[in-house]
Every structure is written in C-alpha cells, then in structure tokens.
Amino acid sequence: MNDEAELANMLQKSLKGKRYLIVLDDIWKSEAWDAVRICFPSENKGSRILLTTRNTEVARCAGTENLSLQMGFMDLDDSWNLFKSTAFANEALPYEFETVGK
C-alpha cells in the first residue's frame, strides 16, 4: 500500500499546475475510481478526465450524473468523432494528433 500511495503522490505532483487529458476506459467498480481519483490535482487548469463505464453507480460516484451519456457500442469512426469533439471542442485538431489518435 505504501508503494501505491507513493506512486499516487508522484503522479499528482507531476500533474500539478499542468493541463492534461486523462482517459480511463471501462471502469467497472466505484472502488477503482476511488483508488485513482486521489492521483489527480484538485486545481482546475482546463484539465479533463474522461471516464467510461458500463456501471451507472460508478458514474454517480464520480459525480458525473449530470454529464453522463448512456450509449450503445460505437464503431471506430463514431468513437473517434466523439473523442475529437470532446478533446478539441474549441480548437482545430492538429493533423499529427489525428494520425496518432486513430
């Protein structure tokens, strides 16, 4: 447990004061979200955490009930367009990001 706490502290310090996008895909349990949420600084520098889950309890625990969408499975184009519109809503998407992202 000490190693996990130390790792969480190191991650939080490295993100502090920076702008970041973290994608946590398919979180199944509220306990998993509770374990990783402490890694992220509480200050808001325009950073975002995109969390996907099939479990509405996890969404409630993450405090996203007003921001959550219940969706079916998407194909590659649909999932790329969703990511692009969320991550780059107010900016033009640089070409090199599209190549890496797809």
Side-chain angles (χ1 to χ4, degrees):
M1 190 63 168
N2 190 30
D3 289 339
E4 289 178 12
E6 189 175 324
L7 184 60
N9 189 36
M10 289 172 52
L11 179 58
Q12 188 176 83
K13 284 181 180 178
S14 70
L15 295 174
K16 191 170 179 80
K18 296 179 182 169
R19 186 175 169 200
Y20 55 85
L21 169 66
I22 304 288
V23 178
L24 300 172
D25 186 34
D26 210 9
I27 303 294
W28 281 58
K29 296 183 179 182
S30 299
E31 295 83 10
W33 169 243
D34 290 338
V36 297
R37 78 170 20 164
I38 62 169
C39 297
F40 307 114
S42 58
E43 63 187 18
N44 186 350
K45 298 282 185 186
S47 298
R48 296 288 181 264
I49 299 171
L50 176 63
L51 180 141
T52 68
T53 183
R54 299 173 194 193
N55 185 333
T56 55
E57 183 58 34
V58 172
R60 264 190 233 109
C61 179
T64 62
E65 57 271 353
N66 293 329
L67 302 171
S68 64
L69 301 170
Q70 290 188 350
M71 304 173 69
F73 288 103
M74 295 190 278
D75 64 21
L76 291 176
D77 288 333
D78 289 337
S79 61
W80 171 248
N81 289 331
L82 175 62
F83 172 77
K84 186 172 59 171
S85 68
T86 302
F88 296 95
N90 299 322
E91 307 172 31
L93 176 68
Y95 175 75
E96 62 271 14
F97 286 0
E98 184 167 351
T99 303
V100 170
K102 284 188 172 182

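- Contact record, I27 with W33: CG2-N, 4.1 Å, taken as the closest heavy-atom pair.
- Taking each heavy atom of K84 and L93 in turn, the nearest pair found is CD-CD2, 3.2 Å.
- The shortest side-chain heavy-atom distance between Y95 and V100 does not fall under the 4.5 Å cut-off.
- The distance from the CG atom of L50 to the OG1 atom of T86 is 6.5 Å, given to the nearest 0.5 Å.
- Shown here are the side chain to side chain donor-acceptor pair (under 3.5 Å) partners of E91, two or more places apart in sequence or in another chain: R19.
- The backbone N or O of K16 lies less than 3.5 Å from no partner atom in the side chain of E43, so there is not a single donor-acceptor pair.
- Counting heavy atoms from C-beta outward, N55 and K29 have side chains that stay 4.5 Å or more apart.
- Two residues are said to be in side-chain contact when any heavy atoms from C-beta on lie closer than 4.5 Å; L7 and N9 fail this criterion.
- In this structure, the side chain of N81 engages the main chain of D77 through a donor-acceptor pair within 3.5 Å.
- Inter-residue side-chain proximity for C61 and D34 is flagged as met; some heavy-atom pair is nearer than 4.5 Å.
- For the pair Q12 (side chain) and I38 (backbone), a donor-acceptor distance under 3.5 Å is present.
- Grouping the Ile, Leu, Val, Met, Phe, Trp and Tyr side chains by contacts below 4.5 angstrom, directly or via other members, places M10 apart from V36.
- With sequence neighbours excluded, the residues forming a side chain to side chain donor-acceptor pair (under 3.5 Å) with E98 are K102, listed by chain and number.
- Applying the salt bridge (charged side-chain N to carboxylate O under 4.0 Å, His left out) test to D78 and every residue at least two apart in sequence or in another chain returns nothing.
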Test log, rule side chain to side chain contact (heavy atoms under 4.5 Å, CB included), inputs W28 and T53: CA-CA 6 Å; W28 281 58; T53 183; 5.9 Å; no

L51 and V58: CA distance, side-chain angles, deciding distance, side chain to side chain contact (heavy atoms under 4.5 Å, CB included) verdict: CA-CA 9 Å; L51 180 141; V58 172; 4.1 Å; yes

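- Within 6.0 Å of OH in Y20 there are more than 12 heavy atoms belonging to other residues, nucleotides or ligands.
- Atom CE of M74 is surrounded by more than 12 heavy atoms from other residues, nucleotides or ligands within 6.0 Å.
- Qualifying salt bridge (charged side-chain N to carboxylate O under 4.0 Å, His left out) partners for R48, counting only residues two or more places apart in sequence or in other chains: none.
- The minimum heavy-atom distance linking C39 with L15 is given by the pair O-CD1, 4.3 Å.
- Here D25 pairs with T52 under the side chain to side chain donor-acceptor pair (under 3.5 Å) rule; sequence neighbours left out.
- Considering OG of S79 and CZ of F73, their distance stands at 12.0 Å, rounded to 0.5 Å.
- When the side chain to side chain donor-acceptor pair (under 3.5 Å) test is applied to W80, no partner is found at least two apart in sequence or on another chain.
- Proximity of I49 to L21: side-chain heavy atoms (C-beta onward) are nowhere separated by under 4.5 Å.
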